[in-house]
Structures are given as C-alpha cells and as structure tokens.
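What follows is a single structure, written as structure tokens, with notes after it.
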2 protein chains.
Amino acid sequence: MRRKLTLKQIAKEMDVSIATVSKALRDSSDIGLETREKIQAFAKLYNYKPNNIALSLKNRKTKNIGVIIPEIVHHFFTTVVSGVERVANKRGYNVIVCLSDESFDKEVINMEMLASGSIDGFIMSLSKETQAKKDFHHLKEAINQGMPLVLFDRVAEEIYCDKVVIDDAQGTYRAVNHLIDTGCKRIALITTVDYVSVGKLRTQGYLNAIEDAGFEIDENLIIKIEDTEDCEEPIRNLFETQEFDAIFGVNETFAVSAMREAQVRGLKIPEDVSVIGFTDGILSKYSYPRMSTINQHGVEMGEKAAEMLIDKLEEVEEDEYYRTEVVKSSLTIRESTKKIS
Amino acid sequence: MRRKLTLKQIAKEMDVSIATVSKALRDSSDIGLETREKIQAFAKLYNYKPNNIALSLKNRKTKNIGVIIPEIVHHFFTTVVSGVERVANKRGYNVIVCLSDESFDKEVINMEMLASGSIDGFIMSLSKETQAKKDFHHLKEAINQGMPLVLFDRVAEEIYCDKVVIDDAQGTYRAVNHLIDTGCKRIALITTVDYVSVGKLRTQGYLNAIEDAGFEIDENLIIKIEDTEDCEEPIRNLFETQEFDAIFGVNETFAVSAMREAQVRGLKIPEDVSVIGFTDGILSKYSYPRMSTINQHGVEMGEKAAEMLIDKLEEVEEDEYYRTEVVKSSLTIRESTKKIS
DNA sequence: CTGAAAGCGCTTACAG
DNA sequence: CTGAAAGCGCTTACAG
C-alpha cells in the first residue's frame with residue numbers, strides 16, 4: 001500500500017524546496033522552465049494529485065456544495081439532485097447529498113455537520129417537521145455565518161435567501177381548468193395538510209380555478225392527508241361517500257392511488273373519472289393508462305438552484321439582494337384525462 | 001456577517017494559548033478545572049464548532065464516505081444510498097454521493113476527485129460503460145492507495161475488495177420456478193445485454209430453472225435489451241411474434257413495460273400472462289395490478305456495504321482478506337402472478 | 001531563479 | 001497547570 005504522494009515527497013525526491021514544487025506544478029513563470037518541466041514530468045509519472053483537504057483549509061473554500069433533501073427515495077428530489085449535479089460538476093463543484101428524513105433534528109444535525117467546513121453553500125428543501133414547527137434558527141444561523149443558501153420547492157417566507165419554486169398555484173389552476181375544459185363538473189382534490197407549503201399553494205390554485213369557473217366549492221370533495229404512506233384509506237372513503245368525475249392529486253402517490261382505487265371499483269379512466277397529478281415522477285409515466293400530469297421540472301429547478309448558489313459564491317462584491325426564481329410548470333396530457341371536445 | 005469562531009479567537013478573547021483552549025474543549029485533565037469550565041462556557045455561548053477541514057487534515061481522516069452510483073433517478077440505487085446513510089450516520093460518518101451517469105469517464109473523474117482527500121473510503125456500483133470496457137484501473141489505483149472500497153450490485157471479479165451482491169441467479173431461479181408452479185409453460189425473458197453483470201446472472205438463473213423443469217429453452221422467448229429507455233419496441237415485437245403465458249423481467253422497467261403492452265393488447269394479467277420482475281421498486285408497488293417481484297433489498301445492501309466499509313476503516317490491523325456478502329432476495333407475490341393451485 | 005517563512009485551524013508530545 | 005513548537009499538505013508574499 002503506497003501512501004498518497006505529497007509535495008514534500010516530490011521536493012525531497014528532486015532535491016528542491018516544497019515551494020518550488022508547488023509553483024512548478026501551477027506552472028508559475030517564477031520557476032525556471034527546465035526545473036518546471038522536470039517537476040511536472042515527475043508529478044505526472046507518479047500521478048500526483050493535490051490534497052483537496054489541504055487546499056480547502058488554505059483557500060477557505062471547499063468547492064463542495066451541500067444538498068439537503070427530505071428523502072432520497074422520492075423521484076422529484078432525485079431529479080433536482082441530478083440537475084444540481086449537472087451544473088455543479090460543470091462549474092467545478094462537488095455535491096454532497098444529505099437526507100433529513102423529514103425530521104427537524106436530522107436537518108439541524110446535517111446542516112451543522114456540513115456547515116463546519118465541508119461545504120461552501122447549501123441547497124435545500126425543508127423537512128415536513130421543520131415546516132410544521134416553523135423553527136428556522138438553523139437556517140438563519142447558517143446565513144449569519146456567511147454561508148449562502150438556496151431553498152427550493154419547500155421554502156419559507158421567513159428566511160431571506162435565494163429561492164427556486166414552481167408556480168404551484170398557477171400550475172394547479174391550469175390543470176383544473178383543463179379538467180373543466182374537458183367537461184368535468186365535480187372535481188375532487190387530494191392534498192396534504194396545510195403546513196406543507198407546496199400543498200397549501202396547490203390547494204389554493206384548485207380553489208381559485210373552481211371559483212373562477214363559477215362552480216361551487218364542495219368541502220366534501222377535498223381531503224387532506226397527513227401521511228403519504230397512509231393515503232389508501234381516506235381515498236377509498238372518498239370514493240365510497242362522494243360523487244365526482246375527476247380527481248386532482250397534489251403529488252404522484254395520491255394521484256396514482258386514486259387511479260388504482262378507481263380501477264379496483266371497475267371505473268374507466270378517463271371516461272368515468274379523469275385523473276391528473278402534480279408530479280414529474282416515474283409512476284405516472286409507467287401507469288396504465290399513462291397519467292396526465294403537471295410537470296414539476298425537477299432537473300431544471302436543480303440546475304437553477306445550483307446556478308444561483310454558485311453565482312453567489314463566486315461574485316466579488318456581496319450584495320444583499322435575494323431572488324426568487326419561479327420555474328414554470330407545464331401540463332403533460334397523457335391518457336388519464338379526456339380530450340377537449 | 002460574523003465569521004466562524006476559531007480556537008485562535010477564543011484564545012485571544014480569554015487570554016490563554018490556543019493549545020489550552022483546544023485541550024480545555026476536549027476536557028483534558030491537563031487543564032485546571034476552573035479554566036476548563038470557563039473556556040467551555042465561552043465556547044458554548046458563542047456556539048463554537050471545530051472546523052472539520054482542519055480536523056481532517058490533522059487526523060488524516062475525513063469521516064466521510066463516498067458513494068458513486070450510476071444514476072440517482074433509479075429507485076434501487078436510492079434505496080441503497082438510504083441504507084448507507086442510515087448506518088454511516090449512526091457510526092459518525094457523512095455520506096457524499098456522486099453520479100457516474102453510466103459513464104466511464106465520469107466515474108473516473110468522480111473517483112479521483114473524492115480520492116484526493118475528501119473521503120476515507122468508497123462504496124460503489126459500476127457504470128454500464130465500465131462493465132462493458134472492463135477497464136478497472138481507477139479502482140485498482142484507489143485500492144493501491146490504501147483507500148478501502150466496497151462494490152455492490154454491479155461488481156467485477158477482477159477487483160479484489162469487499163462486495164455486496166444479491167443472489168441474482170438463485171433469486172431468478174426461484175421466481176421462474178414460482179411461475180412454473182402456478183402452471184406457466186412458456187416463459188419469456190426480457191433481459192439486458194450480457195456485459196451487465198447482474199443481467200447475465202439473472203439470465204443464467206432463468207436458463208437453469210427452465211432446464212431443471214424439463215422444459216426446452218426457446219431462444220425466441222429471450223430478448224436482450226441494450227438501452228432501458230428503448231425497451232418498448234422489442235417488447236411489442238415479442239408480443240407480436242411469440243406465444244407465451246408468462247414474462248420475467250430482469251428489472252422493473254422491463255417488467256412494467258411488458259405489463260402495459262399486455263394490457264394494451266387486452267390481455268388479462270395474470271390470467272393470460274403472468275408477469276414478475278426483479279426489483280425493489282416503486283413502479284411495481286403502484287402498478288395495476290400490483291406486480292409480483294423478486295425483492296432486491298436495496299436498503300439492506302446499503303447497510304451491509306456501509307458496515308463492511310466502516311469496519312475496514314476502523315480495524316486496527318489491516319488484514320488483506322476480502323469478503324463477499326450475499327444478500328438473499330425474497331419473492332413478493334402480489335397480483336400479477338397466479339395462485340398456486 | 002529558488003527557498004524560508006508564515007499561515008489556513010487544529011492536535012499533541014514535550015518542556016517548564 | 002500552561003504554552004511553545006511541530007506538523008497535517010498546501011500556497012504565496014517576500015527576501016536573497
């Protein structure tokens with residue numbers, strides 16, 4: 001087992017000083033051409049790679065960016081991560097992904113861990129628990145320490161930082177309108193509890209669309225689900241007790257579970273019930289029939305978040321100006337909704 | 001913007017030496033109790049956190065483990081990552097996730113980047129391109145430098161290191177047997193090209209099961225797909241040209257695409273065709289009907305890989321002994337296969 | 001043209 | 001009981 005090569009060893013080997021080696025490798029004109037070339041050849045031969053840790057300590061920057069997401073086993077978040085990766089790698093940054101597991105405590109711990117030297121800035125989406133508690137001291141702390149932060153999707157107004165969100169309310173509004181345009185009259189909504197920021201906004205979009213169409217809002221057609229894992233029961237109950245001809249799900253799981261329940265009951269999609277979901281996921285693409293969706297553009301959100309963060313990291317003069325970028329959702333009409341007649 | 005607090009600042013503030021502060025904070029009995037308490041109180045008050053980078057440089061270990069996976073937008077890999085996270089966090093390690101995007105070059109670059117100081121060891125699954133090329137110099141290089149490596153799922157015999165795999169051949173064997181037990185006679189196989197290690201093994205399991213049952217192997221029932229994204233066409237072709245009563249898919253996409261094609265053709269699942277897939281994914285759980293699968297236990301694989309890696313990192317004397325852990329797959333019978341009569 | 005020195009933030013063996 | 005010194009691997013302003 002050969003230890004990693006260091007400048008010191010090269011210096012000794014070639015009988016020059018460490019400083020000379022360092023400069024030669026950065027091709028500084030300080031050093032005589034001959035020496036430079038000799039040293040570079042040697043380094044190449046033995047495959048010298050500078051130690052990142054030492055560089056980080058010296059430069060006070062790590063070229064790492066930290067991403068904290070609530071769950072990795074969740075298609076939307078992974079698309080965002082892959083967007084972040086793409087631009088980060090292009091711009092010379094590494095990505096460190098940590099999971100909060102929807103837990104406030106894990107979110108705090110991970111942030112502290114990363115903040116103490118491992119990264120130059122954060123990209124994150126709040127855990128459910130954090131949104132419920134509305135305790136953001138850890139975020140403010142990071143910002144105070146001069147650690148740039150970009151929040152995406154599940155954001156909080158109380159935090160002053162760059163943000164990337166999608167047009168949750170508008171996107172939903174358009175989707176519900178599409179249902180109405182295809183002749184649906186009674187549209188059920190399966191949504192989350194209100195403290196989840198995106199759930200609340202999507203609910204709002206639904207309400208606006210229904211009202212603007214001149215329909216009445218029927219509270220019985222709206223169900224709010226606490227735990228995504230336990231959505232089957234309330235959905236079954238909705239089918240049992242209510243009459244409707246369309247369903248809007250604020251996320252993929254809700255929408256696809258609704259499709260299944262309809263099929264179990266022998267209902268035809270979209271003839272008997274139309275279904276549309278807010279998602280960018282894989283379930284909708286592979287479902288049968290293929291589900292119409294409002295596309296969340298996770299990759300694009302990730303790319304945008306990474307651009308914003310790296311811009312901030314690299315800008316010369318800090319401005320205290322924060323932007324909120326709104327990514328526009330788009331309707332993907334597949335087979336679970338009717339054609340416009 | 002307050003910069004992060006350092007030992008130096010505390011030392012100055014309290015008019016003692018840096019060494020004293022350092023020891024006091026580690027609660028060394030070297031330092032007088034009174035001084036110790038005063039310093040600790042001060043540090044706590046100003047929320048001092050040691051700089052990880054400096055610690056890493058000093059200790060020559062980072063307490064980070066690097067995970068390189070081919071794709072993050074792939075449910076199996078994310079379950080593995082979440083297993084790794086779980087035990088890593090428990091044992092005081094951070095996880096850095098990088099993506100190879102199924103590309104050899106990106107795999108090499110990411111490894112080099114991580115290997116130069118950012119992490120103490122690797123957990124990875126090979127990219128398709130790497131498996132096709134059979135070029136493993138980057139892995140050997142890492143091992144040579146004394147960087148422990150655990151390979152999972154897509155492994156290579158040529159590399160001497162710890163490995164975590166699933167019983168691909170056996171699991172498939174059992175699944176195919178299950179199909180046979182439920183009365184299926186002509187079982188089609190949708191698999192990958194042979195250089196993907198797991199695809200090859202699963203194909204082998206299929207062949208063994210068919211032969212052991214005394215059936216004849218019909219090459220026309222076996223299709224090998226190069227690119228997962230483009231599986232629809234060959235699958236359609238299979239349905240058009242061949243007769244069969246069951247399908248085995250070596251991954252979720254293949255299996256679920258087969259289910260869809262069957263449904264489009266008005267075939268009943270499982271009455272007309274049974275379908276089973278090798279996967280641990282989310283598509284099968286939410287498909288309609290729910291798909292029977294061979295469970296890959298990704299979380300468990302991740303946990304095991306992390307345990308092996310951290311054990312190796314923390315063992316006092318290095319032994320040059322490598323283990324291969326085989327995680328046992330399990331059949332999850334849902335609705336896409338018939339009952340045993 | 002080359003190298004000694006200081007420093008990034010920390011720890012620890014050693015001297016006093 | 002406290003602190004100066006050396007060192008982890010690197011860079012850079014400065015002296016020669």
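Chain letters run A, B, ... following the sequence lines, proteins first and then strands; every chain starts at 1.
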Worksheet item: Which nucleotide, D/dT11, D/dT2, C/dT12, lies nearest any side-chain atom of A/Ser22?
Response: D/dT11
Worksheet item: Is any side-chain N or O of B/Arg60 closer than 4.0 Å to OP1 or OP2 of D/dG9?
Response: yes
Practice prompt. Quick one: stems involving DNA chain C, counted as three or more successive Watson-Crick or G-U pairs, both distances short of 3.5 Å.
Written response: C:1-3 with D:14-16, C:5-12 with D:5-12, C:14-16 with D:1-3
Practice prompt. Could you check whether A/Ser56 gets within reach of a base, just the sugar-phosphate, or nothing at all, counting any heavy atom under 4.0 Å?
Written response: nothing
Worksheet item: OP1 or OP2 of D/dA6 sitting under 4.0 Å from any side-chain N/O of B/Lys58?
Response: no
Worksheet item: Roughly how far apart, to the nearest Å, are D/dG7 and C/dA4 at atom P?
Response: 15 Å
Worksheet entry | Spacing between B/Leu57 atom CG and D/dA6 atom P, to the nearest angstrom | 18 Å
Discussion item. Taking 4.0 Å as the cut-off, does a side-chain nitrogen or oxygen of A/Arg26 come that near to OP1 or OP2 on D/dC10?
Written reply: no
Item to complete: Tell me whether the OP1 or OP2 atom of C/dT2 has a side-chain N or O from A/Thr35 closer than 4.0 Å.
Response: yes
Grab the N/O contacts between the protein and nucleotides 13-16 of chain C below 3.5 Å, and write none if there aren't any.
{"from": "C/dA13", "atom 1": "N6", "to": "B/Lys23", "atom 2": "NZ", "distance (Å)": "3.4"}

Worksheet item: Between A/Glu102 and A/Ser127, do the side chains contain an N or O donor and an N or O acceptor separated by less than 3.5 Å?
Response: no
Worksheet item: Heavy atoms under 4.0 Å, any strand shown: does B/Ile53 hit a base, just sugar-phosphate, or nothing?
Response: nothing
Worksheet item: Distance check: side-chain N/O of B/Thr20 vs OP1/OP2 of D/dT2, anything under 4.0 Å?
Response: no
Worksheet item: Side chains of A/His138 and A/Glu112: is there a donor and an acceptor less than 3.5 Å apart?
Response: no
Practice prompt. Mind listing the residues from residues 108-119 of chain B sitting with a heavy atom below 4.0 Å of DNA chain D? Number order is fine.
Written response: none
Practice prompt. Specify whether B/Phe76 and B/His74 have parallel, tilted or perpendicular ring planes, treating 30° as the upper limit for parallel and 60° as the lower limit for perpendicular.
Written response: perpendicular
Worksheet item: Taking OP1 and OP2 of C/dC10, is either one under 4.0 Å from a side-chain nitrogen or oxygen of B/Tyr48?
Response: yes
Item to complete: For B/Arg36 and D/dT2, give me the distance from atom CZ to atom C1', rounded to whole Å.
Response: 13 Å
